[in-house]
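What's counted below: heavy atoms across the whole structure, side chains too, no hydrogens, waters or symmetry copies.
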Amino acid sequence: MKVLIIGGGASGMMAALVAAADPGNTVTLLERQNRVGKKLLATGNGRCNLTNLHADLSHYHGADPAFTVPAMRLFGVEKTLDFFHSLGLLTVAESTGKVYPLSDQANSVVDVLRFAMEARGVHVICSCDVVDVHKKARGIVAVSATGEKYFGDKLIIACGGAAGKKIGGSKSGYHLLGMLGHGCTALFPSLTQIKTDQTFVRVLKGVRADAAVRLRQNGQTVAESSGEVQFAEFGLTGPVAFELSRAAATTAGNLELCLDLLRAYSKEDVLSLLLAKQQAFPQLAAEELFSGILPSRLGKTVIRRAELDYTAPLSSLSEQALSACVSLVKYFTLPVEGVMGFDSAQVTIGGVPTSEFRADTLESRLMPNVFATGEVLDIDGDCGGFNLQWAWSSGFLAGKLGKGADT
């Protein structure tokens with residue numbers, strides 16, 4: 001049987017290896033870029049966070065997150081790690097559950113996949129931009145931008161999502177499935193930076209801080225996270241911003257970020273710290289009130305927001321002024337102006353409706369012998385290796401070509 005796979009990313013390569021394990025299959029993989037796994041090379045800041053030990057249903061989103069269950073049961077985290085170990089990849093898990101190659105290099109992951117595809121006889125064709133797919137009396141034909149035609153008895157579309165355009169993201173998978181009768185939900189960027197009012201963040205560019213952050217709408221918390229935030233001239237970046245970006249992208253209306261810059265301390269504790277500082281250093285300039293407590297530029301920005309005289313001695317500050325500083329530290333608010341676009345995003349929210357596919361095989365309900373994997377479907381995961389786990393799991397299931405999760 002001839003198996004045609006469009007997309008040489010994580011799920012496409014996994015599907016190719018599983019399909020090629022059947023000696024009765026001839027597998028051809030078509031990749032738009034000049035090499036396979038290009039987007040994979042950029043994951044985890046080039047380290048490739050290939051899965052997470054805590055991957056479960058709670059970390060996935062979409063119209064029907066439970067759609068992921070059959071694939072994850074068939075090929076979950078343990079089997080994924082066993083698979084990569086069998087290819088010769090050594091891995092290491094962090095306390096957070098994130099798993100990386102021991103080499104700390106994403107190309108180690110791509111290399112073992114490439115070598116395995118070569119060993120199993122997968123025919124890989126790069127720089128092949130598929131622009132059309134159509135059903136024939138028997139099988140499916142894919143046509144490239146330069147006119148070449150490729151035939152498959154079965155077709156797996158593993159083109160990924162629209163996120164990360166510079167490293168391979170594209171909407172081609174949605175278009176190709178659309179040619180076969182499938183729809184597509186609205187698309188939004190996720191796992192990306194959050195844009196805010198720049199009045200107080202521009203001067204903080206590059207400053208990192210540990211904070212508890214709430215995304216609020218009309219005073220009500222929509223989503224929250226805590227950990228490292230990094231200020232940028234446009235707003236916030238870093239792990240916490242990425243985690244909150246999904247809600248920021250999909251929630252309509254006025255939003256704000258509320259940062260607790262001293263989350264381990266109560267308001268009363270912070271006020272006591274400042275009163276003690278004032279008593280110990282009465283002649284110190286007000287701009288140094290938070291020295292030793294917050295990053296220097298961040299502390300001085302709090303003083304600026306409180307509209308205090310930078311040069312005034314601490315002894316001149318009233319308890320009311322100190323309380324105002326405490327409130328700013330515990331509720332450092334930034335109006336949200338949106339999120340960065342698909343070029344900066346790591347993941348796409350939305351995709352082809354999962355209701356149009358069988359969860360136990362990933363075969364189309366509308367077009368027999370057509371399968372879809374990974375990000376092209378309306379499934380997206382949290383930051384931390386969960387999206388790659390879905391890619392491996394869905395690629396494995398689709399590569400079984402309809403044999404399903406029971407085999």
Side-chain angles (χ1 to χ4, degrees), residues 193-245 248 254-339:
Q193 302 94 335
I194 299 177
K195 295 187 290 186
T196 70
D197 179 272
Q198 298 174 16
T199 305
F200 296 104
V201 299
R202 190 184 296 273
V203 71
L204 295 173
K205 180 180 178 181
V207 172
R208 299 172 187 266
D210 178 78
V213 185
R214 288 175 290 154
L215 179 70
R216 302 193 305 188
Q217 182 183 52
N218 301 323
Q220 299 297 313
T221 299
V222 176
E224 57 188 322
S225 184
S226 60
E228 183 185 285
V229 297
Q230 182 177 345
F231 293 91
E233 60 183 5
F234 54 77
L236 284 189
T237 185
V240 170
F242 280 24
E243 289 174 12
L244 295 177
S245 63
N254 295 326
L255 297 171
E256 67 176 4
L257 291 171
C258 181
L259 286 69
D260 181 348
L261 299 170
L262 288 172
R263 61 185 177 122
Y265 298 84
S266 67
K267 291 178 66 175
E268 293 74 21
D269 290 338
V270 178
L271 181 58
S272 295
L273 285 171
L274 299 187
L275 287 169
K277 185 77 166 281
Q278 183 184 50
Q279 186 174 2
F281 304 99
Q283 298 307 311
L284 194 65
E287 67 175 349
E288 300 297 345
L289 178 63
F290 287 99
S291 63
I293 299 173
L294 293 174
S296 178
R297 273 186 285 156
L298 184 54
K300 290 175 181 178
T301 299
V302 171
I303 301 301
R304 176 186 169 196
R305 288 194 75 166
E307 299 181 343
L308 301 180
D309 182 351
Y310 268 44
T311 60
L314 292 186
S315 60
S316 69
L317 301 183
S318 67
E319 187 167 330
Q320 183 179 4
L322 294 179
S323 294
C325 291
V326 172
S327 293
L328 283 169
V329 166
K330 298 295 285 184
Y331 306 100
F332 193 87
T333 57
L334 297 169
V336 173
E337 297 182 349
V339 299

Rounded to the nearest 0.5 Å, how far apart are CG of Leu289 and CD1 of Ile303?
4.5 Å
To the nearest 0.5 Å, how far apart are CD1 in Ile194 and CG in Leu215?
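That separation rounds to 6.5 Å.
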Work out which heavy atom in [X] is nearest to a heavy atom in [Y]; give both atom names and the distance.
| X | Y | answer |
| --- | --- | --- |
| Leu314 | Ala285 | CD2-O, 3.9 Å |
| Ala248 | Leu255 | O-CD1, 3.9 Å |
| Asp197 | Val201 | O-CG2, 3.7 Å |
| Arg216 | Thr333 | NH2-CG2, 3.9 Å |
| Val339 | Ser245 | CG1-O, 3.9 Å |

For [X], all residues meeting side-chain contact (heavy atoms from CB on, under 4.5 Å), sequence neighbours excluded:
| X | value |
| --- | --- |
| Leu328 | Val302, Arg305, Ala306 |
| Ser318 | Gln320, Ala321 |
| Ile293 | Leu262, Leu274, Phe290 |
| Ser323 | Leu271, Glu319 |

Just grab all the salt bridge (charged side-chain N to carboxylate O under 4.0 Å, His left out) pairs involving residues 288-299, residues at least two apart or on different chains.
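Every pair satisfying salt bridge (charged side-chain N to carboxylate O under 4.0 Å, His left out) with a residue in residues 288-299: Glu288-Lys300.
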Can you run down the salt bridge (charged side-chain N to carboxylate O under 4.0 Å, His left out) pairs that involve residues 264-275, sequence neighbours left out, and say none if there aren't any?
none
Under the rule for salt bridge (Lys or Arg N to Asp or Glu O under 4.0 Å), what residues qualify as partners of Arg214, not counting sequence neighbours?
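Counting only residues at least two positions away or on another chain, Arg214 forms no salt bridge (Lys or Arg N to Asp or Glu O under 4.0 Å).
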For Lys195, check salt bridge (Lys or Arg N to Asp or Glu O under 4.0 Å) against everything at least two apart and list the hits.
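Residues passing salt bridge (Lys or Arg N to Asp or Glu O under 4.0 Å) with Lys195: none at all.
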Are the side chains of Leu294 and Thr301 in contact, using a 4.5 Å heavy-atom criterion?
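No, their side chains stay 4.5 Å or more apart.
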Test log, rule side-chain contact (heavy atoms from CB on, under 4.5 Å), inputs Lys330 and Asp260:
CA-CA 4 Å; Lys330 298 295 285 184; Asp260 181 348; 2.9 Å; yes
Output side-chain donor-acceptor pairs under 3.5 Å for residues 221-241, partner residues at least two apart or in another chain, one line each.
residue, atom, partner, partner atom, Å
Ser225, OG, Glu243, OE1, 2.4
Ser226, OG, Arg263, NH1, 3.2
Glu228, OE2, Arg208, NH1, 2.8
Gln230, OE1, Arg208, NH1, 3.2
Gln230, OE1, Arg208, NH2, 3.3

Listed partners of Ser316 passing side-chain hydrogen bond (donor to acceptor under 3.5 Å, both in side chains), at least two apart
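So Ser316 forms no side-chain hydrogen bond (donor to acceptor under 3.5 Å, both in side chains) with any residue.
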Show your working on side-chain contact (heavy atoms from CB on, under 4.5 Å) between Leu308 and Cys325 and close with a plain yes or no.
CA-CA 9 Å; Leu308 301 180; Cys325 291; 3.6 Å; yes
Strictly by side-chain hydrogen bond (donor to acceptor under 3.5 Å, both in side chains), give each pair with a member in residues 271-287 just once, sequence neighbours left out.
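For residues 271-287: Lys277-Ser291.
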Could you tell me whether Tyr265 atom OH has more than 12 heavy atoms of other residues or ligands within 6.0 Å of it?
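Open: at most 12 neighbouring heavy atoms sit under 6.0 Å from OH of Tyr265.
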